[in-house]
Undergrad: 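The structure is given below, and queries will be raised subsequently.
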Amino acid sequence: MGDPHRVGVVGLGFISRAYLDTLANHPAVDIVALADLDASRSAAVAATMPGTEALSVESLLARPDVQTVLNLTIPAAHADISLGAIDAGKNVYVEKPLAVAFPDGRSIIERAASAGVRVGCAPDTVLGTGTQTARAAIDGGLIGRPMSASAVMVTPGHERWHPNPDFYYAPGGGPLLDMGPYYISALIHLLGPVRAVSGAVSRLRDERVIGSGPRTGQRFPAQVATHVTGVLEHVSGALSTITTSFDGVATTAAPIEVHGETGTLAVPDPNYFEGVVRLFALGGTEWRVLEPRAGYAESSRGIGLIDLVRADGQRPPRAGGDVALHVLETMTTLLESAAEGRRIELKTVVERPAPVPLTPVEAWKAYDAYGH
């Protein structure tokens, strides 16, 4: 058994608890340092994790024994923290999106390549049994040649539950950059990379009202498009339509449906690791539930970092920076397409990530840093 991979976490906001629950006692990693702009927050979390030190961001990035920085800051800070870690010679695993602007995302990938370090990026939900079982069904020919897909995310807005939702509606926010990474990453796993996009956007209202927490009732501006729709042309020839909205109330649409010549798959919400995959075969009379046949079973946020650590240069990480950059370009180009009213071809080229074999929870929880 090799020594665990040493990780420093920057950003201890809402999502950090899910990551820490997965990683704190995993044999592949050792969380040695924590940092947050709120020093009292990092100190409080470190006090619950023996052997973990609360540091400033600068000290954590400079700490020589930190091998990988887990970047859980707000999206606007993703690029700065990731580039700082890379310049310090460290690998990076960043919460989605990779950055809020494509040039910043490209800088992360290019500087990591020059520095000889690795980049991983959420979402890793697509490595769970939900999306991976659907992929296995497609790859196994259960729907014949896949021709099209639809992806739908409709909510009335995050301000209803988040106590400080302003950043969701500021530049770099909006439903596509917030939730699109889940859906587009899943579509890439299912159907392969994207070659061109066409988009349209709207904004229902210019102000939002906070619905929970100490700021309940406070109004704040919506500065970005809050309803985004578009068409993704995959290299394979398949066409996907995507809708992400903070302006709707509810939907009966499946989160993702994939249509092939001989069947249709209903794919579960890619914001979650698990879920029921259903198949309606040509000539059939009803939907059939598929048992899990691929993916990390009962996985949780942080499995993508474990997958990156275990890749160790032998294969690309399945939640890798190259895929994240392609997802980022897909989203930002779709918004550019909407603004300019034209179809735009993408510049990035990426390989479809390797599939995840069906891996019981007991197995991936026992992995060490050397793939045993």
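Keep in mind that the numbers below use all heavy atoms, side chains included, and drop hydrogens, waters and symmetry copies. In this chain, residues are counted from 1 in sequence order.
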Undergrad: If we ignore hydrogens and angles and just use 3.5 Å, is the side chain of Thr229 paired with the main-chain N or O of Ile242 as donor and acceptor?
TA: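 Side chain of Thr229 to backbone of Ile242: a pair is present.
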
Undergrad: I'd like to know if the side chain of Asp307 and the backbone of Arg318 have a donor-acceptor N/O pair within less than 3.5 Å.
TA: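 Yes, Asp307 side chain to Arg318 backbone: donor-acceptor pair under 3.5 Å.
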
Undergrad: For atom CG of Asp38, is the number of surrounding heavy atoms from other residues, nucleotides or ligands below 6.0 Å larger than 12?
TA: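 Atom CG in Asp38 is crowded, with more than 12 foreign heavy atoms closer than 6.0 Å.
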
Undergrad: Indicate the ring-plane relationship of Phe14 and Trp161, choosing parallel, tilted or perpendicular according to the 30° and 60° boundaries.
TA: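 Rings of Phe14 and Trp161: tilted, 30 to 60°.
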
Undergrad: Using a strict cut-off of less than 4.0 Å between a Lys/Arg side-chain nitrogen and an Asp/Glu carboxylate oxygen, indicate whether Asp124 and Arg301 qualify as a salt bridge.
TA: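 No, no charged N to carboxylate O under 4.0 Å.
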
Undergrad: Is it the case that atom CZ in Arg343 sees more than 12 heavy atoms from other parts of the structure closer than 6.0 Å?
TA: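 It does: Arg343 CZ has more than 12 such atoms within range.
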
Undergrad: Could you tell me whether a side-chain N or O of His227 sits under 3.5 Å from a main-chain N or O of Ser202, the two making a donor and an acceptor?
TA: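 Such a contact is absent between His227 side chain and Ser202 backbone.
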
Undergrad: Whether the Tyr296 and Gln132 side chains hold a donor-acceptor pair (N or O, under 3.5 Å, no angle test) is what I'd like checked.
TA: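 There is no such pair (donor and acceptor under 3.5 Å, judged by atom type) between the side chains of Tyr296 and Gln132.
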
Undergrad: In Å, rounded to the nearest 0.5 Å, how long is the span from CG of Leu23 to OH of Tyr93?
TA: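 Rounded to the nearest 0.5 Å, the CG-OH separation comes out at 9.5 Å.
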
Undergrad: Test your reading of the model: is there a side-chain donor-acceptor pair from Asn71 to the backbone of His78, 3.5 Å cut-off?
TA: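 Side chain of Asn71 to backbone of His78: a pair is present.
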
Undergrad: So, Ser300 versus Thr22: side-chain donor-acceptor pair below 3.5 Å or not?
TA: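 Result is yes, a qualifying pair exists.
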
Undergrad: Under the criterion side-chain contact (heavy atoms from CB on, under 4.5 Å), I'd like the reasoning laid out for Val276 against Arg278: C-alpha separation, chi angles, the key distance, then a yes or no.
TA: CA-CA 6 Å; Val276 174; Arg278 296 180 296 144; 3.7 Å; yes

Undergrad: May I ask you to decide whether Asp178 forms a salt bridge with Lys96, counting only side-chain N to carboxylate O separations under 4.0 Å?
TA: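 So Asp178 pairs with Lys96 through a salt bridge.
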
Undergrad: Mark yes or no for whether Ser16, through its side chain, and Gly13, through its backbone, hold a donor-acceptor pair below 3.5 Å.
TA: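 Yes; at least one donor-acceptor contact below 3.5 Å.
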
Undergrad: If a pair satisfies salt bridge (charged side-chain N to carboxylate O under 4.0 Å, His left out) and one of its residues is in residues 251-268, list it, with sequence neighbours excluded.
TA: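 Listed once each, the pairs are Arg145-Glu261.
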
Undergrad: Does the side chain of Ser148 come under 3.5 Å of the side chain of His259 through a donor N or O and an acceptor N or O?
TA: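 No, His259 and Ser148 have no side-chain donor paired with an acceptor closer than 3.5 Å.
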
Undergrad: Find the distance between CG (Leu60) and CD1 (Ile81) and round it off to the nearest 0.5 Å.
TA: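 Spacing of CG (Leu60) from CD1 (Ile81) equals 9.5 Å.
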
Undergrad: Under 3.5 Å, is there a donor-acceptor pair between the side chain of Arg118 and the main chain of Leu308?
TA: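 The answer is yes, because a donor-acceptor pair under 3.5 Å joins these two groups.
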
Undergrad: Can any side-chain N or O of His162 pair as donor or acceptor with the backbone N or O of Asn164 at less than 3.5 Å?
TA: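 Such a contact is found between His162 side chain and Asn164 backbone.
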
Undergrad: Charged N to carboxylate O under 4.0 angstrom, Asp139 versus Arg352?
TA: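 Salt bridge present between Asp139 and Arg352.
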
Undergrad: Please walk me through it: do Phe246 and Tyr169 pass ring pair (Phe, Tyr, Trp, His ring centres under 6.0 Å)?
TA: CA-CA 10 Å; Phe246 287 163; Tyr169 298 89; 5.4 Å; yes

Undergrad: Do other residues, nucleotides or ligands put more than 12 heavy atoms under 6.0 Å from the CD atom of Gln218?
TA: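 Counting neighbours around CD of Gln218, more than 12 heavy atoms of other residues, nucleotides or ligands fall under 6.0 Å, so yes.
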
Undergrad: Got a sec, which pairs hit salt bridge (charged side-chain N to carboxylate O under 4.0 Å, His left out) with one end in residues 62-74, sequence neighbours left out?
TA: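 Checked against salt bridge (charged side-chain N to carboxylate O under 4.0 Å, His left out) - neighbours excluded - the pairs reaching residues 62-74 are Glu53-Arg63, Arg63-Asp65.
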
Undergrad: Between the side chain of Asp247 and the main-chain N/O of Leu204, is any donor-acceptor distance below 3.5 Å?
TA: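 Present.
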
Undergrad: Does Glu340, at its CD atom, have more than 12 non-hydrogen atoms belonging to other residues, nucleotides or ligands within less than 6.0 Å?
TA: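 Atom CD in Glu340 is crowded, with more than 12 foreign heavy atoms closer than 6.0 Å.
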
Undergrad: For the pair Glu274 (side chain) and Gly128 (backbone), establish whether a donor and an acceptor sit closer than 3.5 Å, ignoring hydrogens and angles.
TA: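 Checking the backbone N and O of Gly128 against the side chain of Glu274, no donor-acceptor pair under 3.5 Å is found.
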
Undergrad: Please check: side-chain N/O of Asn91 versus main-chain N/O of Thr68, any donor-acceptor pairing under 3.5 Å?
TA: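 Absent.
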
Undergrad: Would you check if there is a donor-acceptor pair between the side chains of His326 and Thr348 at a distance under 3.5 Å?
TA: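 Side chains of Thr348 and His326: pair found under 3.5 Å.
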
Undergrad: Is there a salt bridge (Lys or Arg N to Asp or Glu O under 4.0 Å) between Arg41 and Asp36 once you walk through the steps?
TA: CA-CA 7 Å; Arg41 179 187 291 173; Asp36 191 272; 3.6 Å; yes

